[in-house]
Amino acid sequence: MDKINLGIYEKALPNELSIKEKLRFAKEIGFNQLEISIDESDEKLNRLYNGFSKKLLQAQIDEGMRVRTMCLSGHRKYPMGSLDKNIREKSLDIMQKAIEFADLNSIKIIQLAGYDVYYEESSIETEKYFIDNLIKAVEMASKYGLILAFETMETSFMDTVKKSMKYVRLINSPYLGIYPDIGNLKNAAVKYGKDVIEDLKEGKGYIFAAHLKETNPGIYRDMEFGSGGHTEYERCIKELKNQNVALYTGEFWNHGEENYKDIIKNAYEFLEKKLK
C-alpha cells in the first residue's frame, strides 16, 4: 500500500454527513483520499456555483484529508453531444466551473462520463458535437494543467478502453486520458467475448487512475465487494500496476444502511488486500 493510493467515492458515504464528516470518517478507515461527486442532481451541480469549493478547501485543510479526483457525471443531464444548443452550452459552462472548482482544491483529475448523450439517441451528429466540445473542454483544462479522463461506461458508446482511446488519440493532448472502471470493463469483455486485460493494454500510457467496482453481467452498480461479482481484481490490478497506475478509487453507493460503517470498513479491507 505504500506505493499506491486508495480513495473512496463520496456517494459511498451517507449524504446527510457534512463534507468534513465524510473526509474525517474516510481518513479514520484508512483511505488516502475522497473522490468528490458532481452528479446530475441539482444539489451536486449547484456545488459548482454556490461557493462549496471554498468550503471543501477548508475542510481538506481542517481534516488533513485530500480530495484528488472528481467524478463529473453531471454531463449525463447536460451532455456535450446534445442536439440542443442550450444543453451543449450548459455542458461547457459546467466544464469550465468544474475546472475552476478543481483548480481551487488542487484536484488532479476530473473523470468524464464516456457518453456523447445519455437521455437522447446517439447518432453521427451527437458524436460530432461531442468531439467539437471535447476539444474545447481539453483546451480549458490545459490552461489549468488539469487532467480530464474518461470513465468506461455501461453504454456501447464508450464501454471499453479501446473505444476511449479513439477520442484520446483524436484530441492528442497530454491533458486527456482514461480513468477506467474495471467492473464495467469486465461486463464489456463478457458482452463482446474479449479479455479484459487485452483491453486495458490498449490504454497503456494513457490510464491515470482506475475505479474498482463489483459487477456482474448486466449489473453495473449497487453490489457489495466480495458479494459474488465477476470483476477480475487481481488480473486487472496487476496489469494496471505494470502500467505504473497508482491511484485507485473504490466505487460503491450508500442507500441509507444503518450499518454503513461496517460496509465501508469491509470495502476498505477487501480492496486493500487486492492492492497489496
query: Which atom names give the shortest non-hydrogen contact between E121 and T126, and what distance separates them?
result: O-CG2, 3.8 Å

- prompt: Between CD of E139 and CD1 of I135, what distance do you get to the nearest 0.5 Å?
  reply: 7.5 Å

- prompt: Do S164 side-chain atoms and T160 backbone N/O form a donor-acceptor pair below 3.5 Å?
  reply: yes

- request: Applying side-chain contact (heavy atoms from CB on, under 4.5 Å), run through R24 and M65 and close with a yes or a no.
  value: CA-CA 7 Å; R24 187 180 308 141; M65 180 66 167; over 6 Å; no

message: Could you go through D42 and K77, starting from their C-alpha distance and side-chain angles, then the distance that decides it, and tell me whether this counts as salt bridge (Lys or Arg N to Asp or Glu O under 4.0 Å)?
response: CA-CA 10 Å; D42 290 341; K77 186 175 181 180; 3.5 Å; yes

- prompt: Do side-chain atoms of S73 reach the backbone of A113 as a donor and acceptor pair under 3.5 angstrom?
  reply: no

field: Backbone of N184 reached by a side-chain donor or acceptor of D181 within 3.5 Å
entry: yes

Residue pair T152 / D199, side-chain heavy-atom distance below 4.5 Å: no

message: Do L146 and D103 make a side-chain contact, defined as non-hydrogen atoms from C-beta onward lying under 4.5 Å apart?
response: no

Side chains of S41 and D39, donor plus acceptor under 3.5 Å: yes

- prompt: Would you say L176 and F150 make side-chain contact, with heavy atoms under 4.5 Å?
  reply: yes

task: Assess whether side-chain contact (heavy atoms from CB on, under 4.5 Å) is satisfied between L56 and N105, documenting all intermediate values.
output: CA-CA 7 Å; L56 177 61; N105 279 280; 3.5 Å; yes

- request: Look at the rings of F130 and Y167 and say which category their plane angle falls in: under 30° parallel, 30 to 60° tilted, over 60° perpendicular.
  value: perpendicular

- prompt: Are Y192 and D159 linked by a side-chain donor-acceptor pair shorter than 3.5 Å?
  reply: yes

- prompt: At what distance, to the nearest 0.5 angstrom, does CG of L271 lie from OG1 of T249?
  reply: 10.0 Å

- request: Check whether any side-chain N or O of K163 sits under 3.5 Å from a backbone N or O of S156 as a donor-acceptor pair, and report yes or no.
  value: yes

E16 CD: over 12 foreign heavy atoms closer than 6.0 Å: yes

task: Would you check if F270 and E224 make a side-chain contact, meaning some heavy-atom pair closer than 4.5 Å?
output: no

message: Just to verify, which of H230, E214, E232 counts as forming a side chain to side chain donor-acceptor pair (under 3.5 Å) with K186?
response: E232

message: Given the ring of F101, does R47 sit roughly above its face, with NZ or CZ under 6.0 Å from the centre of the six-membered ring and within 45° of the axis?
response: no

- prompt: For K191, does the NZ atom have more than 12 heavy-atom neighbours from other residues, nucleotides or ligands under 6.0 Å away?
  reply: yes

- prompt: Looking just at side-chain N and O atoms, do K44 and N15 make a donor-acceptor pair shorter than 3.5 Å?
  reply: yes

- prompt: Apart from I124 itself, what residues make up its hydrophobic cluster, given side-chain heavy atom links below 4.5 Å?
  reply: none

- request: Mark yes when over 12 heavy atoms from residues, nucleotides or ligands other than F157 sit less than 6.0 Å from its CZ; otherwise mark no.
  value: yes

task: Kindly say whether R221 contributes a backbone atom to a donor-acceptor pair with the side chain of K213 at under 3.5 angstrom?
output: no

L6 backbone acceptor or donor facing N32 side chain under 3.5 Å: yes

- prompt: Between K201 and E198, is there a salt bridge with N-O shorter than 4.0 Å?
  reply: yes

Backbone of G7 reached by a side-chain donor or acceptor of E35 within 3.5 Å: no

field: Sole residue of I87, D116, I94 in side-chain contact (heavy atoms from CB on, under 4.5 Å) with H75
entry: I94

message: Looking at K276 and E272, is there a salt bridge between them, counting it only when a charged N and a carboxylate O are closer than 4.0 Å?
response: yes

statement: Interatomic distance, SG@C236 vs NZ@K274, rounded to 0.5 Å, equals 11.5 Å

task: Step through the shown structure and confirm whether more than 12 heavy atoms of other residues, nucleotides or ligands are within 6.0 Å of NZ on K241.
output: yes

message: Do F208 and Q111 make a side-chain contact, defined as non-hydrogen atoms from C-beta onward lying under 4.5 Å apart?
response: no

- prompt: Is there side-chain contact between L23 and K27, with at least one heavy-atom pair below 4.5 Å?
  reply: no

task: Would you tell me whether Q33 and T69 have side-chain atoms, one donor and one acceptor, within less than 3.5 Å of each other?
output: no

message: For I19 and I36: C-alpha separation, side-chain torsions, deciding distance, then whether side-chain contact (heavy atoms from CB on, under 4.5 Å) applies.
response: CA-CA 9 Å; I19 190 60; I36 200 75; 3.8 Å; yes

- prompt: Between E154 and Y115, is any side-chain donor less than 3.5 angstrom from a side-chain acceptor?
  reply: yes

message: Has D222 got a side-chain atom pairing as donor or acceptor with W253's backbone, closer than 3.5 angstrom?
response: no

- prompt: How many angstroms lie between CD1 in I4 and CG in N244, if you round to the nearest 0.5 Å?
  reply: 13.5 Å

pair M158-I178: side-chain heavy atoms closer than 4.5 Å: no

- request: Taking the side chain as every heavy atom from C-beta outward, state whether K136 and M95 have any pair of such atoms under 4.5 Å apart.
  value: no

message: Test side-chain contact (heavy atoms from CB on, under 4.5 Å) on I110 and L148; report intermediate values, then the result.
response: CA-CA 5 Å; I110 296 179; L148 305 182; 3.8 Å; yes

- prompt: CZ of F31 to CD1 of I8: how many Å apart, nearest 0.5 Å?
  reply: 4.0 Å

field: M80 side, atom CE; K90 side, atom NZ - distance, nearest 0.5 Å
entry: 15.0 Å

- prompt: Is a side-chain N or O of R88 found less than 3.5 angstrom from the main chain of L83, in a donor-acceptor match?
  reply: yes

- request: Apply salt bridge (Lys or Arg N to Asp or Glu O under 4.0 Å) to K166 and E127, showing your working.
  value: CA-CA 12 Å; K166 170 185 174 180; E127 183 184 27; 2.8 Å; yes

